[in-house]
**Student:** 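Below: one structure in structure tokens.
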2 protein chains.
Amino acid sequence: MNAVLVDTKTRILEAAEKLFGSKGFDATSLRDITAEAEVNLAAVNYHFQTKDSLIDAVIARRIDPINRRRLALLAAAGEKPTIEQLVEAFVAPVVEQDAPPMLAMMGRAMANPDLFLPRIFKSHLREVADRFGAAFERAAPELSAAERMWRLMFMAGSMAHVLSWGHIVGAMTDGVCDASDRKDVTARLVRFVAAGFRAPESDGAVMRAKS
Amino acid sequence: MNAVLVDTKTRILEAAEKLFGSKGFDATSLRDITAEAEVNLAAVNYHFQTKDSLIDAVIARRIDPINRRRLALLAAAGEKPTIEQLVEAFVAPVVEQDAPPMLAMMGRAMANPDLFLPRIFKSHLREVADRFGAAFERAAPELSAAERMWRLMFMAGSMAHVLSWGHIVGAMTDGVCDASDRKDVTARLVRFVAAGFRAPESDGAVMRAKS
DNA sequence: GTCTATAGGTTGATAGAC
DNA sequence: GTCTATCAACCTATAGAC
């Protein structure tokens, strides 16, 4: 007694999100979505015109609040945030989202550069990338720009993999890993990534003094 | 004066690998593949029966040599390998493969658990997972089993993201990151992941003595 | 806003000649 | 082994009644 009360447009968004996450964007047909949402096929085109703009709408609905929360956490961390605070501000708003189907969908989106770069990054992630890029530069000024960029990619990759595999990691590890406690997952991710960021850049070299 | 000399079956495998990497498994039709390979459509079904078993063949062709090399590097690292040696033995055979189209395809495969777990992990990765799992346990015995598993996932995720984004990271970062020097990418990945593995498990706790 | 009906194209797979 | 021709199923998108 819940899904029947929300309007058609939202039902489509929720069904699409769930199926995009579990089957992928290309493998999910509009008919799959309308069947899951118990809605007429033509309603999709009425509300969203095309499948591509439905994909955009499904993603935008989630990523905008996430990015607002990221920037809020970044601001709350003050003038000189630690690397742990920066990683957590970036990761927690995604990993701790209380919408499991959304996690798998975001994982798929991040693994698809041809979708992600033009349709998500350029329109929804510019400000977050700039602000966090600058913050990481202040927090780890001893790193070269290239190394810092690569480490941001590694961070994004660790997070994306958790999103893609979260729903299945429990079964795969016979229960050793449990992704349902999302605060716990965030804490593990933050520990790992922050330590990676603190690694000296050159194998033999000694780290330069930090400010 | 190369592709025309190899046989039809190999031409199909190479075209499929390239397109699976650039467009994804679902978005690539058999007709896309036969056009790229300059081969007749019916040849695909003659040599591979179905699209699904073509996918399996494309993946198996690459992953088996990779896994042999992983196990060889693991053996070459001796009785007490460092964490750096373990990470490199796992990562280098993939990242340093001299077959760019294969990298993007593997990145996509790793981001698709429903394809990867039953059709790749269970049939091609069991031995590698067991051997590396045991080696990491000996190299980082102070970690709980759960934390060690999570960190292996983070490692896999960092690597997968490099595979998916490698072909585009140069353009995205205005040339700051260059994925074409694959030894360099491996070195950065090893530094980052090994440092993450060495992080103490509990934020406040002191690390226990290592053997 | 929601429906039926359907257009117009693409898909994976096969049958059968050569 | 390779080809042409074709099938049945599926797809996205739209037109038009209600």
Side-chain angles (χ1 to χ4, degrees), chain A residues 1-61 105 108-109 112 114-115 118-120, chain B residues 1-61 105 108-109 112 114-115 118-120:
Chain A
M1 46 156 144
N2 192 348
V4 269
L5 293 178
V6 305
D7 67 345
T8 300
K9 195 167 177 176
T10 306
R11 296 251 297 287
I12 293 170
L13 287 169
E14 288 175 352
E17 175 176 88
K18 175 177 169 185
L19 292 169
F20 287 157
S22 61
K23 304 189 5 172
F25 297 98
D26 294 312
T28 301
S29 70
L30 296 182
R31 282 171 168 80
D32 292 336
I33 294 168
T34 57
E36 171 78 27
E38 297 179 85
V39 157
N40 188 275
L41 173 61
V44 174
N45 298 93
Y46 174 77
H47 287 288
F48 300 98
Q49 291 79 47
T50 67
K51 182 181 178 180
D52 267 2
S53 59
L54 170 62
I55 293 176
D56 288 338
V58 170
I59 292 172
R61 185 172 78 119
M105 189 204 61
R108 293 209 186 249
N112 193 337
D114 298 324
L115 165 71
R119 308 235 316 257
I120 303 178
Chain B
M1 44 154 143
N2 193 346
V4 267
L5 294 177
V6 305
D7 66 345
T8 299
K9 195 167 177 176
T10 306
R11 297 251 296 288
I12 294 170
L13 287 168
E14 287 174 354
E17 175 176 86
K18 175 177 168 184
L19 292 169
F20 287 157
S22 62
K23 304 188 2 171
F25 297 98
D26 294 311
T28 301
S29 70
L30 296 182
R31 281 170 176 80
D32 292 337
I33 294 168
T34 56
E36 171 78 26
E38 296 179 88
V39 158
N40 188 275
L41 172 61
V44 174
N45 297 93
Y46 174 78
H47 287 289
F48 299 98
Q49 291 79 47
T50 68
K51 183 181 179 181
D52 267 2
S53 58
L54 170 62
I55 294 176
D56 288 339
V58 171
I59 293 172
R61 185 172 79 119
M105 188 203 63
R108 292 211 186 247
N112 193 336
D114 298 324
L115 166 71
R119 309 236 311 258
I120 303 178

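Only heavy atoms go into these numbers, but all of them, side chains included; no hydrogens, no water, no symmetry mates. Everything numeric here is computed off the predicted structure, so don't read it as measured data.
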**Student:** Report the residues that fulfil side chain to side chain donor-acceptor pair (under 3.5 Å) with A/Asp114, sequence neighbours left out, ordered by chain and then residue number.
**Tutor:**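 A/Asp114 satisfies side chain to side chain donor-acceptor pair (under 3.5 Å) with no other residue.
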
**Student:** Mind checking what makes side chain to side chain donor-acceptor pair (under 3.5 Å) contact with A/Ser22, not counting sequence neighbours?
**Tutor:**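 Side chain to side chain donor-acceptor pair (under 3.5 Å) check on A/Ser22 returns nothing, list empty.
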
**Student:** Return the set of residues passing salt bridge (charged side-chain N to carboxylate O under 4.0 Å, His left out) with B/Arg61 (not counting sequence neighbours), or none when no residue passes.
**Tutor:**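 B/Glu17.
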
**Student:** Has A/Thr8 got a side-chain N or O lying under 4.0 Å from the OP1 or OP2 atom of C/dT2?
**Tutor:**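 It does, given that an N or O in the side chain of A/Thr8 lies less than 4.0 Å from OP1 or OP2 of C/dT2.
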
**Student:** How close or far is atom P of D/dC11 from atom CG of A/Leu19, stated in whole angstroms?
**Tutor:**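 After rounding, the gap between these two atoms is 12 Å.
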
**Student:** List for me each residue that meets salt bridge (charged side-chain N to carboxylate O under 4.0 Å, His left out) alongside A/Lys51, sequence neighbours excluded, and say none if there are none.
**Tutor:**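 Once residues adjacent in sequence are excluded, A/Lys51 has no partner under the salt bridge (charged side-chain N to carboxylate O under 4.0 Å, His left out) criterion.
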
**Student:** In Å, rounded to the nearest 0.5 Å, how long is the span from CD1 of B/Ile33 to NZ of B/Lys18?
**Tutor:**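 Answer rounded to 0.5 Å: 12.0 Å.
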
**Student:** Among residues 46-55 of chain B, which contact DNA chain C at a heavy-atom distance under 4.0 Å?
**Tutor:**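 Residues of residues 46-55 of chain B that come under 4.0 Å of DNA chain C are, in numerical order, B/Thr50, B/Lys51.
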
**Student:** Could you name each residue pair satisfying ring-ring contact (aromatic ring centres under 6.0 Å, His included) that touches residues 12-58 of chain A, not counting sequence neighbours?
**Tutor:**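 Of all non-adjacent pairs touching residues 12-58 of chain A, those that pass ring-ring contact (aromatic ring centres under 6.0 Å, His included) are A/Phe20-A/Phe25.
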
**Student:** Return the value, rounded to whole Å, for the distance between atom CD of A/Glu38 and atom C1' of C/dT2.
**Tutor:**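 These atoms are roughly 16 Å apart.
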
**Student:** Over how many whole Å does the gap from A/Asp26 atom CG to D/dC10 atom P extend?
**Tutor:**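 My rounded result for the distance is 18 Å.
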
**Student:** Rounded to whole Å, how long is the line connecting atom CD1 of B/Ile33 with atom P of C/dT11?
**Tutor:**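 Between P of C/dT11 and CD1 of B/Ile33: 11 Å.
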
**Student:** Output yes when at least one side-chain N/O atom of B/Ser29 is less than 4.0 Å from OP1 or OP2 of C/dT10, else no.
**Tutor:**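 No.
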
**Student:** Rounded to whole angstrom units, what separation is found between the NZ atom of B/Lys23 and the C1' atom of C/dT10?
**Tutor:**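 Roughly 12 Å, once rounded to whole Å.
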
**Student:** List the residues meeting side chain to side chain donor-acceptor pair (under 3.5 Å) with B/Asp32, not counting sequence neighbours, and say none if there are none.
**Tutor:**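 Side chain to side chain donor-acceptor pair (under 3.5 Å) list for B/Asp32, sorted by chain: B/Lys23, B/Ser29.
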
**Student:** What does the B/S/- profile of nucleotides 3-8 of chain C look like, 5' to 3', with a 4.0 Å heavy-atom cutoff to protein?
**Tutor:** BB----

**Student:** Residues in salt bridge (charged side-chain N to carboxylate O under 4.0 Å, His left out) with B/Asp26, at least two apart?
**Tutor:**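 Residues passing salt bridge (charged side-chain N to carboxylate O under 4.0 Å, His left out) with B/Asp26: none at all.
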
